[in-house]
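Working notes, structure below.
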Protein chains: 2
Amino acid sequence: MDRISENCPVDDALGVLVGKWKHMILLYLLQEGTKRFNELKRMMPGITQKMLTKQLRELEDEGIIERKVYAQVPPKVEYSITEYGRSLEPVLEAMHEWGAKHTMQKDMQQGENKSS
Amino acid sequence: MDRISENCPVDDALGVLVGKWKHMILLYLLQEGTKRFNELKRMMPGITQKMLTKQLRELEDEGIIERKVYAQVPPKVEYSITEYGRSLEPVLEAMHEWGAKHTMQKDMQQGENKSS
DNA sequence: CTGCATCCCCCTTGATACTG
DNA sequence: CAGTATCAAGGGGGATGCAG
């Protein structure tokens, strides 16, 4: 890759990931597979139904996740990553890796002057 | 990497990149090296001084870019990527790559039915 | 040239209550 | 259980004007 900003496809990726809870949802579904609505909700303390629904919808609209509804008396809806959504994994990993180093660096700035 | 969401370092990476113009600034500085304030501004039609300044400040606070002020009569300020900031390149690249595919896929959904 | 301050708008997020 | 509707609040982002 020589030039990475021709038309800013970076924006597309960013757009998909931006949202207070979106990446969390993605990470959970990526790691733990299919989940029900309330399972996801329970995993993210602080999120409201409204937000969960909204972020889920947006992810679904992008084709990143799949929504499967079971016609049952106690409603049951399952969410899972699509193949397309799985293609985001490298991006998430790159960000995770960077974030981890970032945190380390911040921590180290305390200790490195005092070493020995 | 087994689990990528232990403490959501992804959030840190996202936090650094999120902002309507931040990734653009990063891409420009990454590709073209040191730039002056107005050069950056000219590169991004639509951005206002306020936003440029703000995004630049935030990037600077994170240690991603460096701000060098020349004590001259016509003020001159140069911005450049720090070594630390350069560590974001893989992340940007991953996003760029994904975004490019994403765009392609959208385009193809028009043509693939009509092939032949 | 570069940057700050102010005012304003709108979108995102959040709290709560209600429905199938 | 899953989702929608409504109302309120906060902050990001934009336009403009002033200053060193």
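Every chain is numbered from 1, with letters handed out A, B, ... down the list of sequences. Just so it is clear, the values below take in all heavy atoms, side chains as well, and ignore hydrogens, waters and symmetry mates.
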Rounded to whole Å, the CG-C1' distance (B:Leu52 to D:dT16) equals 16 Å
Measuring only between side-chain heavy atoms, which start at C-beta, is A:Leu14 closer than 4.5 Å to B:Met95? yes
Measure the distance from CD1 on B:Ile47 to C1' on C:dG3 and round it to the nearest whole Å. 13 Å
With side chain to side chain contact (heavy atoms under 4.5 Å, CB included) as the test, would you mind laying out the steps for B:Arg42 and B:Asn38 before giving the verdict? CA-CA 6 Å; B:Arg42 222 166 294 123; B:Asn38 269 3; 3.5 Å; yes
From the list A:Glu78, A:Lys76, A:Arg36, side chain to side chain donor-acceptor pair (under 3.5 Å) partner of A:Tyr70 resolves to A:Glu78
Given atom CD of B:Gln55 and atom C1' of D:dG13, what is their separation to the nearest angstrom? 9 Å
Can you tell me the distance, in whole Å, between the NZ atom of A:Lys20 and the P atom of C:dC11? 19 Å
Using heavy atoms to find the nearest nucleotide of DNA chain D for B:Lys54 and B:Thr48 separately, return the residue whose nucleotide is more 5′. B:Lys54
Between P on C:dT2 and NZ on B:Lys41, what's the gap in Å once rounded to a whole number? 11 Å
Could you state the CD-P distance from B:Gln72 to C:dG3, rounded to the nearest angstrom? 13 Å
Any side-chain heavy-atom pair of A:Glu60 and A:Glu66 under 4.5 Å: no
Let me know the distance between CG of B:Leu40 and C1' of C:dT2, rounded to the nearest Å. 12 Å
5' to 3', nucleotides 2-7 of chain D under a 4.0 Å protein heavy-atom cut-off (B base, S sugar-phosphate only, - none) gives SSB-BB
Using a 6.0 Å distance limit plus a 45 degree cone around the ring axis, check whether A:Lys35 lies over the aromatic ring of A:Tyr79. no
Got more than 12 heavy atoms from elsewhere within 6.0 Å of CD, B:Glu83? no
